[in-house]
Amino acid sequence: MITRNPCISNIKAGYLFPEIAKRRREFAAAHPESKIISLGVGNTTEPILPYIDRGLVEGSRKLGTVEGYSGYSDEGLLTLRERISEVFYKKNFASDEVFISDGAKCDIGRLQLLFGAGVKVTVQDPSYPVYVDGSVLIGAAGSWEDTGYQGITYLPCTAENGYFPDLSRIPVQGLIYFCSPNNPTGAVANREQLTELVKAALNKKALIIFDAAYSEYIRDSQLPKSIFEINGAKTCAIEVNSFSKPAGFTGVRLGWTIVPKELKYAGGESVNADWSRVCGTIFNGASNISQAGGLAALEPEGLKEIRKLSDFYLGNAKLIRSALQNLGIPCIGGDNSPYIWAHFPGRDSWDVFEEILRTCQVVTTPGSGFGPAGQSFIRFSAFGHRSDVEEACTRLEKLKA
Ligand SMILES: *Cc1c(COP(=O)(O)O)cnc(C)c1O
């Protein structure tokens with residue numbers, strides 16, 4: 001029979017979320033009377049709000065008419081690309097610098113094709129798993145060792161450094177994944193910190209893939225929502241973003257990626273032209289129905305709904321955070337992001353996960369699953385129905401003893 005891609009065998013066994021699901025199933029089987037509440041996964045729970053939903057319905061209906069029908073939209077509907085540039089980037093990007101995708105995660109995976117297996121990858125530690133696992137899949141990283149994947153530079157983000165890493169270890173001509181507001185820590189880099197990041201990338205001739213999937217959760221107006229608010233970023237950064245978390249499009253699938261025309265490889269070739277080529281080769285564009293929903297989301301009524309939905313989840317985050325603080329558990333995040341990062345010093349993340357599951361019947365995410373520096377942390381997600389979050393917060397009081 002055919003042989004397996006050796007890169008796949010390098011991926012760490014027991015990927016985080018299947019392992020959590022397995023432990024949840026086992027607990028539920030042993031305690032059939034228990035009512036488990038999940039504050040574990042980063043999946044949205046609330047319905048799409050009416051104006052945006054109408055956009056999706058209309059988009060679908062149009063496809064059933066002669067006048068409204070459309071086929072492949074390649075790099076995305078022109079109107080949507082222009083509207084994204086206007087709403088999020090003060091029209092700083094031409095429509096052919098905005099690429100519509102079926103989601104940020106999918107684009108993060110495809111973007112790796114631009115740099116090949118020889119690229120040196122740097123991540124914040126802890127980080128969203130696709131940055132490292134995607135690197136393993138294309139052969140840019142080796143097998144799992146005790147402290148992470150071989151060949152990846154992990155930059156610890158800890159309480160000591162205010163969850164912003166020491167950038168001096170970024171390799172020359174490397175690829176840096178940076179996520180702010182951060183999943184899992186909920187930390188948001190400020191303007192000075194992102195300026196430092198851009199400077200470091202320019203000095204090292206490195207490229208930043210900036211993941212801004214939670215930018216619409218930023219409430220502090222001083223905090224940057226995009227890497228392109230920083231001077232110099234157009235020559236060293238790509239930004240990925242998504243409708244998943246702000247508009248509840250996790251199941252609809254719609255995102256975008258900004259690739260500035262100023263961005264050049266070491267040899268002077270255009271990254272933008274290559275990205276267009278990659279998208280045309282292995283991706284045929286996002287659904288026209290999703291894009292109609294995206295257009296509705298970016299109209300004034302839709303933007304109000306984005307605000308309302310993200311406010312709702314931030315309200316959950318506030319409840320979770322104060323429940324943890326009342327217990328004296330140190331935590332960050334939750335103000336400008338839907339995640340709370342809680343510290344249980346000296347303890348193993350999976351042990352704490354098990355304790356919370358057993359004592360409170362609440363599913364969380366063990367921080368160690370996001371990287372070595374996540375050890376002793378637990379991530380609480382604010383994606384949940386309000387009544388579930390309230391009930392979970394009450395149950396967390398049982399951790400007191
Ligand atoms: C949820 C999430 C995304 C969004 O992925 P989609 O594929 O657009 O649903 C991207 N980055 C991070 C860090 C996320 O948590």
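All values below come from the heavy atoms of this structure, side chains included, with hydrogens, waters and symmetry mates left out. Each ligand, and each atom within it, is numbered from 1 in the order the structure gives. If you're wondering where the values come from, they're calculated on a predicted model, not measured in any experiment.
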Starting from [atom], which protein heavy atom do you reach first, and at what distance in Å?
atom                    : answer
atom 1 (C) of ligand 1  : K245 NZ, 1.2 Å
atom 5 (O) of ligand 1  : K105 N, 3.6 Å
atom 7 (O) of ligand 1  : R253 NH2, 2.6 Å
atom 15 (O) of ligand 1 : Y214 OH, 2.5 Å

If hydrogens are left out, which of D211, D107, N43 has an atom nearest to atom 13 (C) of ligand 1, that is, the closest non-hydrogen atom?
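The nearest heavy atom belongs to D211.
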Kindly determine whether F344 and F377 satisfy ring-ring contact (aromatic ring centres under 6.0 Å, His included), including the steps that lead there.
CA-CA 6 Å; F344 297 82; F377 284 86; 8.7 Å; no
Under a 4.0 Å N-O cut-off, is there an ion pair linking D133 with K12?
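Answer for the salt bridge query: no.
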Would you indicate whether the side-chain heavy atoms of I20 and T364 approach each other to under 4.5 Å?
no
Beyond-backbone contact of F370 with Y128, side-chain heavy atoms, under 4.5 angstrom:
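F370 vs Y128: side chains apart.
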Neighbour count >12 (heavy atoms, 6.0 Å) for atom CZ, R277
no
Look at ligand 1 and say whether F249 reaches it with a heavy atom at a distance under 4.0 Å.
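Not so, F249 does not reach ligand 1.
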Atom pair CG/OG1 of L155 and T158 - distance to nearest 0.5 Å
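Interatomic distance, L155 CG to T158 OG1, rounded to 0.5 Å: 11.5 Å.
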Number the atoms of ligand 1 from 1 as they appear, then name those within less than 4.0 Å of a heavy atom of [X], with their elements.
X    : value
A213 : 3 (C), 10 (C), 11 (N), 12 (C)
C179 : 13 (C)
S244 : 6 (P), 8 (O), 9 (O)

Check: A94 main-chain N/O paired with E97 side-chain donor or acceptor under 3.5 Å
yes
If I apply the N/O under 3.5 Å rule, does G42 come out as touching ligand 1?
no
